[in-house]
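Working notes, structure below.
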Amino acid sequence: MEVSRRLVIDVSEHQGVINWDAAKPHIAGAILRCGYGDNYASQDDKQWYRNISECERLGIPRGVYLYSYATNDTMARSELQHILRCLKGHSFQLPIYLDVEQAGTEGYAARACQIICEGLKAAGYKSGVYANTNWWNNYLTGVTAYPRWVAQYNTVCEYKGKYDIWQYSSNGVIPGIGGRVDVNWCYTEFTNISSGGTVAPAVSQKLKDLGQVDAIYEVYAGGRWWPPVTNYLDWAGRADGYPIKYVAMRVTKGKVRARVHTTVDGWLPYLEFGNSYNKNDLINGVLGNGNPIDAIEIYYYTPAGYKYKKAVYRASDLNHNTFYSEQYDNEKNAKMDGHAGLFGVAMDKFQMKIA
């Protein structure tokens, strides 16, 4: 008798901006990468916040994985904190996996699995381990207490131990995802996974209305900070021809993840802002490094349980008196670039709102 199985995909920033509405009818669930390595926001997966928000909005059953680089207990505990930080405020129907496959970590991997999986378990999550058959057979033979996710690209899985999920190909084709994607067979019914300690299966829930969310922002241009602007009531900047060198922003509900591109340095690291910013902290309190900013990317993270909202923003540059078209989060399509601005020409005016 054939064992019941369901198609699950695993995704990361390498799949780019996914059209989850198009993908949903073709999958039974998704395992989302939250990041890699130690607990630094710069090592969060660039699509994590969007992917988890979209799966929550659509009621897609989801799990999570973090790619491990741990070679000692300090690194393992940092990776545990990385996962827990990303999981906070969200619900899951599949386990939270540690991905162990990095060359040079073979001798420590089993210990990392124990520290991180037990830490997740203590926090109330169902934890699991991902590895290929070589690792399971040679480095993880003693790791038996957690659900196994086995990778072997083949028509059959030749791993002899017990496993819940088999990653059988990296060449899957799913509507809504550009390029190839990892595809997996899950042999544990979603309705039964909850008996192992995770939350109940995802359902399309009635989301609450978040109400008005205001974006408050200001910019540094022409040698000074200019007064804060709320939503589209005005624009931020000094005037045409004065390059913007720093951007400060906050939102009254939820949070935003943003980065800027300068004419000198390219993209600077992502920063996150809730209902505050600090203009005295030019490293983590505002966006920019003092060089002219030519592009900005913003993603609005809607609080769990509320109707989905997006960051809407636009910019003009030194060569144009009018604004370029509006951008929505980091979406890319025929009309949107995933950022506002024109590479190589500094911005001089900026607007944003949450809608």
Side-chain angles (χ1 to χ4, degrees), residues 10-15 30-49 51-52 62-90 92 94-152 159 161 163-165 167 170 182 184 197-198 255 257 259 267-272 283-284 301:
D10 61 275
V11 301
S12 70
E13 64 192 51
H14 299 298
Q15 276 68 52
I31 305 177
L32 316 173
R33 189 178 80 160
C34 66
Y36 53 91
D38 288 333
N39 185 22
Y40 299 110
S42 61
Q43 294 182 185
D44 292 351
D45 188 278
K46 293 180 176 61
Q47 293 297 322
W48 158 248
Y49 291 107
N51 286 340
I52 186 64
R62 59 238 171 227
V64 172
Y65 76 95
L66 179 127
Y67 189 98
S68 178
Y69 287 96
T71 57
N72 56 58
D73 288 3
T74 299
M75 294 176 70
R77 294 189 181 100
S78 181
E79 292 186 351
L80 171 62
Q81 293 306 311
H82 191 169
I83 300 170
L84 291 173
R85 174 173 58 80
C86 290
L87 300 187
K88 188 176 181 180
H90 303 289
F92 305 93
L94 290 170
I96 312 304
Y97 288 97
L98 185 67
D99 177 348
V100 286
E101 58 180 293
Q102 177 63 31
T105 66
E106 294 91 342
Y108 182 77
R111 171 69 174 165
C113 292
Q114 179 187 29
I115 290 176
I116 293 171
C117 289
E118 287 301 311
L120 289 168
K121 181 179 177 181
Y125 297 101
K126 182 75 170 179
S127 56
V129 177
Y130 166 95
N132 61 45
T133 53
N134 177 55
W135 280 61
W136 282 115
N137 289 329
N138 293 288
Y139 309 118
L140 302 175
T141 54
V143 180
T144 59
Y146 319 107
R148 295 186 185 97
W149 177 11
V150 178
Q152 184 184 30
Y159 179 62
Y163 55 92
D164 296 283
I165 300 179
Q167 185 184 80
S170 61
D182 293 342
N184 310 263
T198 189
K255 63 181 178 181
R257 176 183 173 95
R259 62 175 178 169
W267 285 111
L268 300 182
Y270 285 99
L271 295 177
E272 295 178 6
I283 303 299
N284 297 307
Y301 176 48

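FYI, the numbering just counts along the sequence from 1. Values in this document were obtained by computation on a predicted structure and should not be read as measured data.
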Would you confirm whether [X], through its side chain, and [Y], through its main-chain N or O, come within 3.5 Å as a donor-acceptor pair?
X	Y	answer
Y108	N72	yes
W135	E106	no
D10	I31	no
E13	Q47	no
E79	L66	no
S127	C117	yes
Q15	S12	yes

Can you give me the closest heavy-atom contact between [X] and [Y], atom names plus distance?
X	Y	value
T71	G104	CG2-O, 4.0 Å
V100	S68	CG1-CB, 4.2 Å
K126	P147	CE-CG, 3.6 Å
L120	L80	N-CD1, 3.8 Å
I116	A76	CG1-O, 3.5 Å
L94	A30	CD1-O, 4.2 Å

Quick one: [atom1] on [X] to [atom2] on [Y], what's the gap to the nearest 0.5 Å?
X	Y	atom1	atom2	value
S42	L268	OG	CG	12.5 Å
N39	R77	CG	CZ	14.5 Å
L140	T133	CG	OG1	11.0 Å
I115	L98	CD1	CG	10.5 Å
C86	Q43	SG	CD	11.0 Å
T144	W136	OG1	CH2	9.0 Å

State, yes or no, whether a side-chain contact exists between [X] and [Y] at a heavy-atom distance under 4.5 Å.
X	Y	result
V64	Y125	no
S170	D182	yes
M75	D38	yes
D44	Y49	yes

| Under the ring pair (Phe, Tyr, Trp, His ring centres under 6.0 Å) test, which residues partner Y67, sequence neighbours left out? |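 In terms of ring pair (Phe, Tyr, Trp, His ring centres under 6.0 Å), with neighbours along the sequence ignored, Y67 is linked to Y69.
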| side-chain contact (heavy atoms from CB on, under 4.5 Å) evaluation trace for D99 with Y36 | CA-CA 9 Å; D99 177 348; Y36 53 91; over 6 Å; no
| message | Around atom NZ of K121, are there more than 12 heavy atoms from other residues, nucleotides or ligands closer than 6.0 Å? | response |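 Atom NZ in K121 is not crowded, with 12 or fewer foreign heavy atoms closer than 6.0 Å.
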| What is the ring orientation for Y130 with W149, classed by angle as parallel under 30°, tilted 30 to 60°, or perpendicular over 60°? |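 Correct class here is perpendicular.
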| field | Parallel, tilted or perpendicular, as decided by the 30° and 60° cut-offs, for the rings of Y159 and Y163 | value |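 If you compare the ring of Y163 with that of Y159, the planes turn out tilted.
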| message | One pair to check against side-chain contact (heavy atoms from CB on, under 4.5 Å): N134 and Y139. What are the steps and the verdict? | response | CA-CA 8 Å; N134 177 55; Y139 309 118; 4.0 Å; yes
| request: Please check if any side-chain donor atom of Y270 sits under 3.5 Å from a side-chain acceptor atom of R259, or the reverse. | output: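 Side-chain D/A pair, Y270 to R259: present.
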| said: Could you check whether D73 pairs with R111 (Lys NZ or Arg NE/NH1/NH2 to Asp/Glu carboxylate O, under 4.0 Å)? | reply: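 A salt bridge links D73 with R111.
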| said: Checking E118 against Y146 for the side chain to side chain donor-acceptor pair (under 3.5 Å) test, could you report, in this order, the C-alpha distance in whole Å, the side-chain angles of both residues, the deciding distance, and whether it holds? | reply: CA-CA 9 Å; E118 287 301 311; Y146 319 107; 2.8 Å; yes
